[in-house]
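What follows is a single structure, written as structure tokens, with notes after it.
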Amino acid sequence: MATRDDVECWLTDMDGVLVHENQALPGAPELIQQWLDEGTEFLVLTNNSIFTPRDLSARLRGSGLHVPEERIWTSALATADFCRSQMPGGSAFVIGEAGMTTALHEAGFIMTETAPDYVVVGETRNYSFEAITKAVRLIRDGARFIVTNPDATGPSAEGVLPATGAIAAMIEKATGKQPYVVGKPNPMMFRSAMNRIGAHSENTGMIGDRMDTDVQAGIEAGLHTVLVLTGISDQAEIDRYPFRPSEVIQGVHELVRPEPIEVEL
């Protein structure tokens, strides 16, 4: 297992690590800039499949974080990458938003409602009973069932919302078929991200705020895992699990190296 000194490439979660409620967390802008300045390979990961990397880059910019779109890796991109590796030039019926459909289109997939190879369920704010019914029938007829991430709920200003995992559970119950879930905590998400930047597990670190997704997947992928306490985890949460991150820090500001002091002679 790598120590922090061995880490040459970084994967980092977004919400709770770099941003909170559309505000950059302390040290996040400096850390991203440090990586860019030093040529460090990194990707910002999110289980959210609604937005394209370009959309997310713009949203992060509004939070004071300048992350190039090619440095963002979503569960939609990981799902499209997985589908392409399994069945190049395949077809899919998608429940989801532009982030998912764009990723599949760019991976060479055709969107269809007629005998697709895959039914892909991603995040959306407009789940329709008609679309869910169609997904159930297509899966019962033999389409493979893929889900972008297992999160049962998502946040909103008014409170929690049912998310991908909740809709997938309904489809699973109606079909009797278990989906393959690509996003965290499946280490597949990290492996596809590492492939994207040419990283290896022995010199890659993962920064996250959740024990049950970020840290678990990071450990299973063989990464150096860093848990930050700026998201949902605290010591009580850490103690609930039988595994431990490589290190626990207060926030990403602890990863920013201080500027060298120039001494005038």
Side-chain angles (χ1 to χ4, degrees), residues 13-16 45-52 55-56 73-87 90-105 107 109-190 192 210-214 216-217 220 231-232 240:
D13 189 32
M14 191 164 71
D15 296 311
L45 273 56
T46 176
N47 255 0
N48 189 313
S49 62
I50 290 180
F51 303 106
T52 65
D55 297 333
L56 287 168
W73 190 248
T74 69
S75 64
L77 291 172
T79 299
D81 195 57
F82 170 76
C83 291
R84 175 173 51 196
S85 73
Q86 293 281 302
M87 193 171 294
S91 60
F93 172 73
V94 177
I95 294 179
E97 303 283 341
M100 191 65 252
T101 53
T102 302
L104 280 168
H105 271 303
F109 270 66
I110 295 163
M111 305 298 124
T112 182
E113 298 183 4
T114 308
D117 297 311
Y118 294 105
V119 167
V120 178
V121 177
E123 205 74 49
T124 174
R125 294 288 176 258
N126 300 294
Y127 291 109
S128 89
F129 189 74
E130 183 185 351
I132 290 167
T133 302
K134 191 176 289 292
V136 166
R137 291 172 181 166
L138 291 170
I139 292 164
R140 289 175 71 108
D141 286 343
R144 296 161 182 81
F145 184 15
I146 305 286
V147 174
T148 59
N149 68 82
D151 305 336
T153 60
S156 81
E158 294 78 37
V160 298
L161 299 166
T164 313
I167 305 306
M170 189 181 351
I171 296 171
E172 181 179 346
K173 193 76 173 172
T175 60
K177 299 274 182 71
Q178 259 192 316
Y180 183 72
V181 183
V182 176
K184 299 178 294 181
N186 187 343
M188 172 75 70
M189 174 99 170
F190 291 174
S192 63
R210 294 181 65 118
M211 288 289 289
D212 58 345
T213 53
D214 304 317
Q216 181 180 331
E220 289 177 5
I232 68 162
R240 287 180 52 224

Is it the case that over 12 heavy atoms from other parts of the model lie below 6.0 angstrom from the CZ atom of R84? yes

Nearest 0.5 Å, please: how far is CG in L104 from OG1 in T79? 7.5 Å

Check: R210 side chain, Q216 main-chain N or O, donor-acceptor pair, under 3.5 Å: no

What pair of heavy atoms forms the shortest contact from A131 to F93, and how long is it? O-CE2, 3.7 Å

Give me the atom names and distance for the closest heavy-atom approach of G99 to A76. O-CB, 3.4 Å

Side-chain contact, heavy-atom cut-off 4.5 Å: Q178 with E172? yes

Can you name the nearest heavy-atom pair linking A80 to A103, along with the distance? CB-O, 3.4 Å

CD1-OG1 distance between I50 and T148, expressed to the nearest 0.5 angstrom: 9.5 Å

d(I110 CD1, H105 NE2) to nearest 0.5 Å is 9.5 Å

Quick check: do I95 and I171 have side-chain heavy atoms less than 4.5 Å from each other? yes

Got a second to check how far T164's OG1 is from E123's CD, nearest 0.5 Å? 3.5 Å

So CG of L138 and CG of D117: to nearest 0.5 Å the spacing works out to 11.5 Å

Scanning both residues in full, the closest heavy-atom pair of D212 with P185 reads O-CB, 3.5 Å

Quick one, N47 and M189 - any side-chain contact, counting heavy atoms below 4.5 Å? yes

Any side-chain heavy-atom pair from R240 and M211 closer than 4.5 angstrom? no

What's the shortest heavy-atom distance between M87 and F109, and which atoms? O-CZ, 3.3 Å

Is the shortest side-chain heavy-atom distance between Q86 and R144 below 4.5 Å? no

With heavy-atom distances below 4.5 Å as the criterion, would you say the side chains of D13 and K184 are in contact? yes

Less than 4.5 Å apart, side chain to side chain, heavy atoms only: is that true for L161 and R125? yes

Sub-4.5 Å side-chain heavy-atom contact between I146 and F82: yes

Say whether, by atom type as modelled, one donor and one acceptor occur between the side chain of N149 and the main chain of G183 under 3.5 angstrom. no

Within this structure, what is the OG-CG distance for the pair S49 and D151, rounded to the nearest 0.5 Å? 9.5 Å

In short, S91 meets A115 closest at the heavy-atom pair OG-O, 4.2 Å

